Amino acid sequence: MSLEKTEFSEEIDRIIDKYTGEKGVLIQLLLEMQKELRWIPKEAVMRINQRLKIPVSEIYRVASFYTALSLKPRGRHLVRICLGTACYVRGGTRILDSVERLLGIKPSETTSDSRFSLETVNCLGCCALGPVIELDGQYYGRLTPANLGELLSKYK
Amino acid sequence: MQKLLNSPDDLEQLRRVLLAITDLKKPAVALCGSTGCEALGAKEVIKAFKEELKKQGLEGKVDIKETGCLGFCEKGPRLIIHPEDIAYFRVQASDVPEIVSRTLLNKEVIERLLYIDPTTGLPAHHLFDVPFYKYQNRLLMDNNAKVDPKNIEDYIALNGYKALAKVLSQMTPDEVMTEIKKSGLRGRGGGGFPTFQKWESTRRASETPKYVIINCDEGDPGAFMNRALMEGNPHCILEGFLIGAYAVGSHEGFIYVRQEYPLAVENMQDAIEQATAYGLLGKNILGSGFDFEVKIHWGAGAFVSGESSALMTAIEGRVGEPRPKYVHTSERGLWDKPTVLNNVETWANVPLIITNGGEWFAGIGSAGSKGTKIFALAGKVNNTGLVEVPLGFTLRDIIFKIGGGIRNGKKFKAVQIGGPSGGMIPEQYLDVPVDFDELKMLGAMMGSGGLIVMDNDTCMVDVARYFVNFLCEESCGKCVPCREGLKQARKILTDIISGKGEENDIEKLRQIAEASNAAALCALGQTSANPLLTTLRYFAYEYEAHIKEKRCPALSCKPLITFYVDPAKCNACTLCSRNCPVAAIDGAVGKIHIIDQDKCIKCGTCFEACRFKAIQKISGQPVPLPIPEEQRVRKPVKRGN
């Protein structure tokens, strides 16, 4: 069976190339796919299956088990709200409520203009600065609901 | 390129050269570049230093060093000025020109950047005058302030890899094992299993190859000591890893790091490359004939993957689920081969034990728990950060002496230790020494050492629900008591905090907790009951207040509280109404405010905004009716008048 070429095809093949011939690569491969494409499209699953002979069921199982992997397209910016214990007792849920209200989406959803995706995370390891959020890999600490709007407006 | 170090003598030679070219009098700025301080603007401070030094013509005359985390994240970004060892806290880029011209050039101390001891009001000039540091014993963390994690030579200059050289040139694996046994080292990842026993069963296993693994999956929310060590001093972890590999006869190792820690991976990757270039990793290490290779494996975000057998299946590229452990992973682990898996902090202790001897190590700590432990102190405590103390230190000393007590003058309620598998410890047990065995007796466990302090505003039922919800989301789903039991427990707890609790709920929760404890396969499932059982044991009255009186004593559970403006205290200044995100507060300057209960989303913004303590939280009793329109007149007073 041959697959139709899409905008992702070249990238997908290039990433798979790096992992051929090694054992136990599936998770690392999917993580890189996620990083480069911001999600795991069906085409990637089928190409991995074809080229590395890993069953489709196993690829989907791994992709749906881990929170870092997304089977839906993510927005241009990823907002991750820490709800670790330390952030939780310092008002992490209030930060989440405010972001939900500002963006009009719930965790694991994406805004209709594909600008933001929202996620919660168990702990970012910056517990001393709670509540903390991560925006495209940049950490922001000591937040209050009041200064979120300004922060989000910097990400177009 | 650096010449390969072919023998322990080469290493010693290099160390001497490094020390000889170090000018101890040269001014240097050591700034924390770890994730925590970075979030507070450390990168901008470094940039400002580089620009300012250039501007003032001091390029090359002052060293700038990015070091690892020193633990006092609360007051970051933190920097130390050498050779005077002046410690500045909460430094911003705008402070930099002044630091360069006054402190670096004129040797003046800038008082406002010093730490002020809140009890005495006196400034602390040096790091170890700060109470946060004074009571600690930082065997592992100390070097974080001294080395640039991206420069192996910094570590070598501080006697780095000397323990490895000693092991490879003067000790047999048997002798290494003897020292580890004497030290009494126990695993720092949670259970406190004796490290010697773990290593010994892998060493004795007949199958080959053997593997060693560093567990940096630090999934317990509220714990970040592994991140700090791996970001700040990766070579010390690698050195311990190499020594362990030599002792058990392994030539291949894996480092499993959670994907939330990109800087830790970056620094460890650099460390591996540099160690390889110097001949401290790879083939024929230091000319000893011992070979060892290391690979980093990223985690993909699953709490259960921190469990040893699950972590190994994840490295194999499959879904990380635990398996039964009647066959130990130390005999049949990764790819069914004998495998030693230890936590980052456990590995980091190994070079210390080899350098100073097992007996020295056993002299630190309590009867059954030796050495120091790094705790992550967070939550409602004044000084949050990483605290390293000998095991056996009391919780009270950690929270009050080092942590400086509870924020905003509030009252201590409980401390949560050990992550989702740990428990809540109330005030009456604060004087218990913290070690592996004492905590078990209290129904908690050491876990990886996260300490989350809670005050009277924290609702214990809500916290129990938080952990049960966390475990529910993270349960891999393999065992029924964990998968289904936790779901039922979450439903019951959600009902209780929503005011829909029933009389026999507490009994049901107990039964679910006991079933999971008895019947789940892995430690995570078995201990998932701990947060429930400890809150039921120590805070039963809070459950009862929620169930019987529909009241949240901590005034925290949204469905059970109402916000109300006390007309007697309202200053009619509109501060609360201007901050309200849903325009639920009616009022104007001179007109006493009223909250529209139908619009209010109970976010608490008004409560924090009000400077007159006029906003009250009410629970378990009806909200007073709004005062009549004609009485809503008040002339605002200026604050302080």
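Values below: all heavy atoms of this structure, side chains included; hydrogens, waters and symmetry mates excluded. Because the structure is a prediction, the values reported are computed rather than measured. First the proteins, then the strands, lettered A, B, ... as listed; each starts at 1.
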Contact class of E32(A) relative to chain B, heavy atoms under 4.5 angstrom
neither
Using heavy-atom distances under 4.5 Å, tell me whether T605(B) contacts chain A through its side chain, its backbone, both, or neither.
both
Under 4.5 Å heavy-atom distance to chain A, tell me which part of E74(B) shows up: side chain, backbone, both or neither.
both
Does NZ or CZ of R227(B) lie under 6.0 Å from the centre of the six-membered ring of F224(B), at an angle within 45° of the ring axis?
no
Whatever's closer than 4.5 Å to a heavy atom in chain A on F72(B) counts as neither
Check whether A302(B) gets within reach of chain A through its side chain, its backbone, both or neither, counting any heavy atom under 4.5 Å.
both
Give the member of E58(A), R80(A), Q34(A) that has the highest number of heavy-atom pairs under 4.5 Å with chain B.
R80(A)
Side chain / backbone / both / neither for E321(B) at chain A, heavy atoms under 4.5 Å:
side chain
With a cut-off of under 6.0 Å to the ring centre and 45° to the axis, is K35(A) in cation-pi contact with W298(B)?
no
If one checks every heavy atom of R94(A) against chain B at 4.5 Å, the contacting part turns out to be side chain
Tell me, for C459(B) versus chain A, whether the close heavy atoms (under 4.5 Å) come from the side chain, the backbone, both or neither.
neither
So, the part of D97(A) with a heavy atom under 4.5 Å from chain B: the answer is side chain
Which bit of K558(B) comes within less than 4.5 Å of chain A, counting heavy atoms only: side chain, backbone, both or neither?
side chain
Under 4.5 Å from any heavy atom of chain A - which part of E218(B)
neither
So, the part of I315(B) with a heavy atom under 4.5 Å from chain A: the answer is backbone
Sort D462(B) into side chain, backbone, both or neither according to what part of it lies under 4.5 angstrom from a heavy atom of chain A.
both
Where on V132(A) is there a heavy atom nearer than 4.5 Å to chain B: the side chain, the backbone, both, or neither?
neither
Bottom line for Q138(A): the part with an atom under 4.5 Å from chain B's heavy atoms is side chain
Should the ring pair Y256(B) and H297(B) be called parallel, tilted or perpendicular, given that the plane angle runs from 0 to 90° and is split at 30 and 60?
parallel
Which answer fits R407(B), side chain, backbone, both or neither, if we ask what part of it has an atom under 4.5 Å from a heavy atom of chain A?
side chain
For S421(B) versus N530(B), what's the shortest heavy-atom pair and its separation?
O-ND2, 2.7 Å
Honestly, the part of S556(B) sitting under 4.5 Å from a heavy atom of chain A is neither
